[in-house]
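Input: a single structure, listed below in structure tokens.
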Amino acid sequence: MTWSEFYQSLKAGEIAPVYLFTGPEEYVKLEALSRLRQSLLPPGLEALNDMVLEGVGAQQITDAAETLPVMCERRIVTVRDWAPLLSGKSKNEDSEVERMQRWLDNPAPGCALVFYMRTSADGKKKMTALLKKKAVVVDFQPLSDAELSRWCAAKLKGSGKKLSSQALNTLTFMAGRELTRLSGELEKLAAYLGDERSEITDDDVRAIVSASPEYNVFELMNHLLAGDMQKAQQTVNSMLRGGQNAVGILALLTRQVRQLTHMKCALDAGESVLQVQERLKMHPYAAKQTARQCARLSAAWLTSIYDRCVTSDFEVKSGRLREQDALNELLFRIGLAANRS
């Protein structure tokens with residue numbers, strides 16, 4: 001079941017006795033749990049009928065689930081990151097799963113039990129397979145482009161603001177697609193506009209949004225390819241002040257050069273930007289900008305720069321070169337070579 005199907009089932013009044021919440025999209029997962037609580041628990045009785053467990057055994061889970069609800073039909077018990085659902089062997093795992101299996105054969109009617117994974121359940125574990133048979137599994141995957149657009153529109157509705165399509169592309173490129181981060185950025189943008197305008201533009205996003213490391217390294221490459229070493233160094237300094245270290249910047253730069261190389265070779269072979277975007281799982285805006293960056297570069301030059309990135313990484317990890325020296329040397333090499341190309 002997807003998260004949207006879960007919401008539809010709640011609207012229809014269909015609430016399962018046992019759920020497994022799994023997947024990487026934490027913001028929507030938390031909202032779904034909150035919505036389930038609202039559907040089950042009458043106002044004022046939440047504290048009496050809502051229990052959260054962590055680091056417990058099967059007996060404690062079943063005891064909590066068997067406890068009668070107070071002045072309502074069902075209570076909710078949330079078990080966070082239960083060990084038998086995580087990678088690796090947990091203590092007494094086989095007996096714990098067997099005990100839980102017996103209970104799942106006849107779950108308590110007065111409880112909604114939620115196994116809540118703040119990561120993802122290990123699909124190879126026996127307990128995960130058991131819940132796929134005995135429970136409703138809700139998989140919280142990242143939002144699609146259309147879902148993300150609707151989500152942003154809903155978030156801004158209360159403030160009377162809306163995002164232009166270009167502004168949305170820039171926002172997700174600069175800040176990423178993680179909803180907790182996006183929620184904060186949307187609040188900042190709405191406050192920035194105040195009562196002056198209703199539509200958030202691309203310029204507003206660039207002026208207000210805190211850029212992600214991935215976006216910063218993209219801008220760094222722009223400056224390097226333009227031969228502007230002063231702006232390139234300013235971007236590096238900003239990333240360092242923001243908490244990045246030289247090794248992290250090297251890794252991001254290597255990733256960017258690798259994507260540029262893939263893009264250039266694929267375009268030279270007759271593929272479209274969309275095909276490369278889908279194969280490399282790139283953000284659409286990032287794919288277009290990467291294609292623009294590599295337009296005047298040769299595949300041979302990009303390959304040589306990528307080889308240098310890999311060599312720099314090896315020299316740092318082997319202790320032959322200091323992190324900052326490796327980064328400075330690579331920046332100079334890219335900037336100088338790009339200026340000559």
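- Residue Leu220 forms a side-chain contact (heavy atoms from CB on, under 4.5 Å) with just one option from Leu252, Ile334, Thr235, and that option is Thr235.
- Using modelled atom types, no side-chain atom of Glu219 and backbone atom of Asn216 make a donor-acceptor pair closer than 3.5 Å.
- In this structure, Asp268 CG and Ser298 OG are separated by 9.0 Å, a value rounded to the nearest 0.5 Å.
- With values rounded to the nearest 0.5 angstrom, Asp105 atom CG is found 9.5 Å from Arg102 atom CZ.
- Taking the side chain as every heavy atom from C-beta outward, Leu156 and Ile200 approach each other to under 4.5 Å.
- Checking side-chain atoms of Ser39 against main-chain N and O of Arg35 turns up a donor-acceptor pair under 3.5 Å.
- The closest donor-acceptor contact from the side chain of Ser149 to the backbone of Ala146 lies at 3.5 Å or more, if one exists at all.
- Cluster annotation: Met117 and Ile76 are assigned to distinct hydrophobic clusters (Ile/Leu/Val/Met/Phe/Trp/Tyr, side-chain heavy-atom contacts under 4.5 Å, transitive).
- Under the 4.5 Å side-chain heavy-atom criterion for ILVMFWY residues, no single connected hydrophobic cluster contains both Leu280 and Tyr306.
- In this structure, the side chains of Glu14 and Gln8 stay at 4.5 Å or more apart for every pair of heavy atoms.
- For the residue pair Gly335 and Met229, the shortest heavy atom distance occurs at CA-SD, 3.9 Å.
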Query raised in the report: Should Leu250 and Cys309 be marked as a side-chain contact (heavy atoms from CB on, under 4.5 Å) after you check the CA-CA gap, both sets of side-chain angles, and the distance that decides it?
Result: CA-CA 8 Å; Leu250 270 171; Cys309 288; over 6 Å; no
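- Each side-chain hydrogen bond (donor to acceptor under 3.5 Å, both in side chains) pair with one or both residues in residues 65-78, not counting sequence neighbours, appears once here: Glu66-Trp103.
- When each of Leu20, Asp81, Thr22, Leu30 is tested with Tyr116 by the rule side-chain contact (heavy atoms from CB on, under 4.5 Å), just one qualifies, namely Leu30.
- There is no side-chain donor-acceptor pair under 3.5 Å between Asp63 and Gln60.
- The residues Lys125 and Glu93 are annotated as salt-bridged, a charged nitrogen and a carboxylate oxygen being separated by less than 4.0 angstrom.
- The structure places SG of Cys265 at 7.5 Å from CG of Leu302, a figure rounded to the nearest 0.5 Å.
- For Arg320, the CZ atom sits in a loose shell: 12 or fewer heavy atoms of surrounding residues, nucleotides or ligands are nearer than 6.0 Å.
- Hydrophobic clustering of Ile, Leu, Val, Met, Phe, Trp and Tyr side chains at less than 4.5 Å, counting indirect connections, keeps Met51 apart from Leu36.
- Distance check: Lys126 NZ to Asp94 CG gives 6.0 Å after rounding to the nearest 0.5 Å.
- Side-chain contact, Arg322 with Asn328: no donor N or O sits under 3.5 Å from an acceptor N or O.
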Report task. Determine, step by step, whether Arg99 and Gln59 satisfy the side-chain contact (heavy atoms from CB on, under 4.5 Å) criterion, reporting the C-alpha distance in whole Å, the side-chain angles of both residues, the deciding distance to 0.1 Å, and the verdict. Result -> CA-CA 8 Å; Arg99 183 186 294 272; Gln59 185 65 57; 2.4 Å; yes
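- Using a 4.0 Å cut-off between charged side-chain N and carboxylate O, Glu185 and Arg181 make a salt bridge.
- Minimum heavy-atom separation, Ala175 to Val209: CB-CG1, 4.0 Å.
- Side chains of Thr201 and Asp204: a donor-acceptor N/O pair is present below 3.5 angstrom, by distance only.
- Counting heavy atoms from C-beta outward, Val79 and Val52 have side chains that stay 4.5 Å or more apart.
- Distance alone, capped at 3.5 Å, is enough to place a donor-acceptor pair between the Thr303 side chain and the Ala299 backbone.
- Remark: the backbone N or O of Leu224 is not paired with any side-chain donor or acceptor of Lys231 at under 3.5 angstrom.
- Between Leu40 atom CG and Asp50 atom CG the span is 9.5 Å, to the nearest 0.5 Å.
- Centroid-to-centroid, the aromatic rings of Phe115 and Tyr19 stay 6.0 Å apart or farther.
- Side chains of Trp3 and Gln141 form no contact here, defined as non-hydrogen atoms less than 4.5 Å apart.
- Transitive grouping of hydrophobic side chains (ILVMFWY, heavy atoms separated by less than 4.5 Å) keeps Leu168 and Met282 in distinct clusters.
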Report task. Show your reasoning for whether salt bridge (Lys or Arg N to Asp or Glu O under 4.0 Å) applies to Glu271 and Arg279. Result -> CA-CA 11 Å; Glu271 291 190 50; Arg279 187 168 65 253; 2.8 Å; yes
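- Annotation: Lys188, atom NZ; neighbour count of heavy atoms from other residues, nucleotides and ligands within 6.0 Å is above 12.
- Between the side chain of Asn237 and the main chain of Gln233, a donor-acceptor pair closer than 3.5 Å is present.
- Of all heavy-atom pairs spanning Gln277 and Ala287, the tightest one is CB-CB, 3.7 Å.
- Within the 3.5 Å criterion, the main-chain N or O of Ala167 finds no donor-acceptor partner in the side chain of Thr170.
- Applying the salt bridge (charged side-chain N to carboxylate O under 4.0 Å, His left out) test to Glu54 and every residue at least two apart in sequence or in another chain returns Arg118.
- Between Asn49 atom CG and Leu41 atom CG the span is 6.0 Å, to the nearest 0.5 Å.
- At a cut-off of 3.5 Å, with distance as the only test, a side-chain donor of Ser87 or Asp122 sits close to an acceptor on the other residue.
- Just one residue in the list Lys264, Lys288, Gln256 forms a side-chain hydrogen bond (donor to acceptor under 3.5 Å, both in side chains) with Gln293, and that residue is Gln256.
- One hydrophobic cluster, built from ILVMFWY side chains closer than 4.5 Å, holds both Tyr27 and Tyr7.
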Query raised in the report: What's the verdict on salt bridge (Lys or Arg N to Asp or Glu O under 4.0 Å) for Glu329 and Arg308, showing C-alpha distance, side-chain angles and the deciding distance?
Result: CA-CA 10 Å; Glu329 189 270 342; Arg308 183 60 228 174; 3.5 Å; yes
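- In this structure a side-chain-to-backbone donor-acceptor pair under 3.5 Å is present from Asn245 to Gly248.
- Here the side chain of Lys161 pairs a donor or acceptor atom with the backbone of Arg197 at under 3.5 angstrom.
- Using a 4.5 Å heavy-atom cutoff, the side chains of Leu113 and Pro107 are not in contact.
- When side chains are defined from C-beta on, Trp151 does not count as touching Glu147, because their heavy atoms never get closer than 4.5 Å.
- Residues forming a ring-ring contact (aromatic ring centres under 6.0 Å, His included) with Phe140 (at least two apart in sequence, or on another chain): Phe21.
- At least one donor-acceptor pair closer than 3.5 Å links the side chain of Trp82 to the backbone N or O of Val56.
- With contacts defined as side-chain heavy-atom distances shorter than 4.5 Å, the pair Leu182/Leu148 qualifies.
- Counting heavy atoms from C-beta outward, Leu53 and Arg80 have side chains that stay 4.5 Å or more apart.
- Judged by distance alone, the side chains of Gln230 and Asp228 never bring a donor and an acceptor atom under 3.5 Å apart.
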Report task. Take Thr2 and Asp139, measure what side-chain contact (heavy atoms from CB on, under 4.5 Å) needs, and give me the verdict at the end. Result -> CA-CA 5 Å; Thr2 65; Asp139 191 11; over 6 Å; no
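- In the model, Glu178 has a side-chain atom that pairs as donor or acceptor with a side-chain atom of Thr180 under 3.5 Å.
- A donor and an acceptor atom, one from each side chain of Gln289 and Arg292, are located under 3.5 Å apart.
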